[in-house]
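All heavy atoms count here, side chains included; hydrogens, waters and symmetry mates do not.
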Amino acid sequence: MGEGSVLLVDDDPQILRAVRTSLQARGYDVRTAGNGETALDLLANGDAPIDVVVLDLGLPGIDGQEVIERARTWTNVP
C-alpha cells in the first residue's frame, strides 16, 4: 500500500510533472488537474478518496481560493 493519495493542481505542466514524479517516487498515488474545474470534479467524483490537495492559488478560470471555498461545502480534505 502507498503513502496516500494526493490531488496536485497547477496550470503549469512542467510543475505538475516534476512534483508528481517526486511524490510518486515517495510512494504517493498522485492525481493531477490543470485547472480548478477539473480539481473540483476529481474531488467530487473521483474513483478513490483523496487524502490531501496541493493547490496553486493562481489558476486560470476558477482560481485556487474559489476551489477551496467550493470544496469546503462538502469536504474537509486538507
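Side-chain atoms of R26 and S22 form a donor-acceptor pair, as typed in the model, at a separation below 3.5 Å.
In this structure, the side chain of R70 does not engage the main chain of Q65 through any donor-acceptor pair within 3.5 Å. The backbone N or O of N35 sits nowhere less than 3.5 Å from a side-chain atom of T38 that would complete a donor-acceptor pair. Remark: the backbone N or O of T75 is paired with a side-chain donor or acceptor of R72 at under 3.5 angstrom. Checked by atom type and distance alone, the side chain of S5 never pairs as donor or acceptor with a backbone atom of V52 at under 3.5 Å. Judged purely by atom type and a 3.5 angstrom limit, T32 has no side-chain atom pairing as donor or acceptor with the backbone of L16.
In the hydrophobic clustering of this structure, L40 groups with I68; members are Ile, Leu, Val, Met, Phe, Trp, Tyr whose side-chain heavy atoms approach within less than 4.5 Å, directly or through other members. No continuous path of hydrophobic side-chain contacts links I50 to V30 [ILVMFWY only; heavy atoms under 4.5 Å]. If you chain together hydrophobic residues whose side chains sit under 4.5 Å apart, L7 and V67 fall into the same group.
A pairwise comparison of heavy atoms in L59 and D11 identifies CD2-N, 3.8 Å as the closest pair. In terms of heavy atoms, L42 sits closest to A33 at CD1-CB, 4.2 Å.
At a threshold of 4.5 Å between non-hydrogen side-chain atoms, the residues R31 and V6 do not count as touching. No side-chain heavy atom of L8 sits under 4.5 Å from any side-chain heavy atom of Y28. Taking the side chain as every heavy atom from C-beta outward, V9 and V54 never approach each other to under 4.5 Å. In this structure, D51 and V77 have side chains that are not in contact, with every pair of non-hydrogen atoms separated by 4.5 Å or more.
Here the CD-CG distance, from Q24 to D29, works out to 8.0 Å after rounding to the nearest 0.5 Å. The CG atom of D12 sits 8.5 Å away from the CZ atom of R17 when rounded to the nearest 0.5 Å.
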message: Set out, in order, the CA-CA distance, both residues' side-chain angles and the distance that settles side-chain contact (heavy atoms from CB on, under 4.5 Å) for D63 and L57, then state yes or no.
response: CA-CA 6 Å; D63 69 14; L57 294 178; over 6 Å; no

